[in-house]
Engineer: 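Shown below is the structure under consideration.
Given the structure is predicted, the values throughout are model-derived calculations rather than measurements. Note that ligands are numbered from 1 as they come in the structure, with each ligand's atoms numbered from 1 the same way.
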Amino acid sequence: MKEQLAKIRTEALAALESVKDAAALDELRVKYLGKKGELTAVLKQMGKLTAEERPAMGALANEVRAAVETAVDKASQKLEEAALELRLKAETVDVTVPGKAPKLGHKHPMYMALDEIKDIFVGMGFTVLDGPEIELASYNFDKLNAEEGHPSRDWSDTFYFDADSRVMLRSQTSPMQVRAMETMELPIRIIAPGRVYRKDEVDATHSPMFHQVEGMVIDKNVTMADLKGTLNLLAEQLFGKGTVTRFRPHHFPFTEPSCEMDVQCHKCGGAGCATCKGEGWIELLGAGMIHPHVLEMSGIDPNEWSGWAFGMGLERTAMRRFKIADLRLIFENDVRFLEQF
Ligand code: DAH
C-alpha cells in the first residue's frame, strides 16, 4: 500500500508538471483525487490494515493527497498565466502608429452670413423669431393684404396642401410679421429667418426652396428714413464700408410705399456681368412702410403706430457676402466648395 501511494504521488506530480491545457488538468484531477480516483481506491483498502498500521498509512495518504492538490493548484495557476501572456501578446497596442485624425466640418457659408445678420440686428435691439414653414394662407396672404385673386396666390406659384388653398408651404417669411403683431407687446423690433417655398425651376438664381430673413419695426413716428438708415447700416456692416446701395420703388400688397434695395455687384463693381445679369446691381430685398390696413387687421391702431418691414433673400446675401457666383453651389453640398470658407 505504501508503494501504491508512492507511485500515485510520483506519477501524478510528473503528469501535472507537463499538463498542456485546462481540460487535461481536469482529467488528471479526477483521475487522482476524484471519488472514483486512484487515491480513493487505495484508501478504501485501509480496512484491511491492522489497528497499528492504520495511523501511519492514514498520515501518508493525507500527505500524498495534499501534495497532489498543491500540484493541481500550481498547474492551474501556470495555465492561467500562460493564457494571460498569450492574450497580452495578441492585444499588443503599437503606440507609435499615427492616429486617425477626426475630420471636423464647419458651419455652412449661408449660416455664417445669417449669424452675422443676426449679430447686427441683435446689436440694434431686435429679437430673433422662429416660425412655421407649414403656414395658413390667412397668415401668408389675407392678413398681409393679398386678397383672393392676387397673382402670388396662384396654384402655379404656391405649394398648397389642400384643395381649398388654406394650408400651404409659406412662400415668404412675411407671415411672421402678422404672428409677431398678434402676440408681442408694442413697440416691436424683430427679425425672422427661415425657409420658404415656391414653384420655381432650379437655375443659377432660383430654387423651389430658399431662405429669407424678415425684419419689422413698429413704434411711434417711424419713417422711411429709419428703414433706409437701418438697411444701409446692415449693408455696410455685412459687405464692408463704402458698399453702394440703391432703393427702387416697387409694389407689395402689405407695404405702402414699397421699394426694393439693390447692392452694387461684387463681381463687376457695377459694370454688368453674368452674376448680375448685366445689371451691375444685385436685388437683395423688398421693403416698405407697413400698410395701415395690415396694422389694423392685426389690431394695431395706424393713427398711433407706424412701422417698416423688409424681406431679404438669404442665399443672395450670402453670395454677395462671400462672392459666390452661382446659387446652386449653396445647396449642392460639394465639400470642395464648402471647404473654402
Ligand atoms: N415678402 C416679400 C417677398 O417675398 C418681400 C418683402 C417685401 C418683405 C416688402 C417685406 C416687405 O417685409 O415689407 O418678395
Engineer: Measure the OG1-CZ distance between T245 and F239 for me, rounded to the nearest 0.5 Å.
Structural biologist: 10.5 Å
Engineer: Would you check, one step at a time, whether the test side-chain contact (heavy atoms from CB on, under 4.5 Å) holds for Q237 with I120?
Structural biologist: CA-CA 7 Å; Q237 295 207 0; I120 294 165; 3.4 Å; yes
Engineer: If the criterion is any heavy atom closer than 4.0 Å to an atom of ligand 1, which residues make the list?
Structural biologist: Q172, S174, Q177, R198, Q212, E214, F252, F254, T255, G286, A287, G288, A309, F310, G311
Engineer: Determine whether more than 12 heavy atoms belonging to other residues, nucleotides or ligands lie under 6.0 Å from atom CG of N221.
Structural biologist: no
Engineer: Heavy atoms only: give me the nearest P151-D157 pair and the separation to one decimal.
Structural biologist: O-OD2, 3.3 Å
Engineer: Think R179 forms a cation-pi with Y139, using NZ or CZ under 6.0 Å from the six-ring centre and within 45 degrees of its axis?
Structural biologist: yes
Engineer: Check whether the side chains of N140 and S171 place a donor and an acceptor atom closer than 3.5 Å, and report yes or no.
Structural biologist: yes
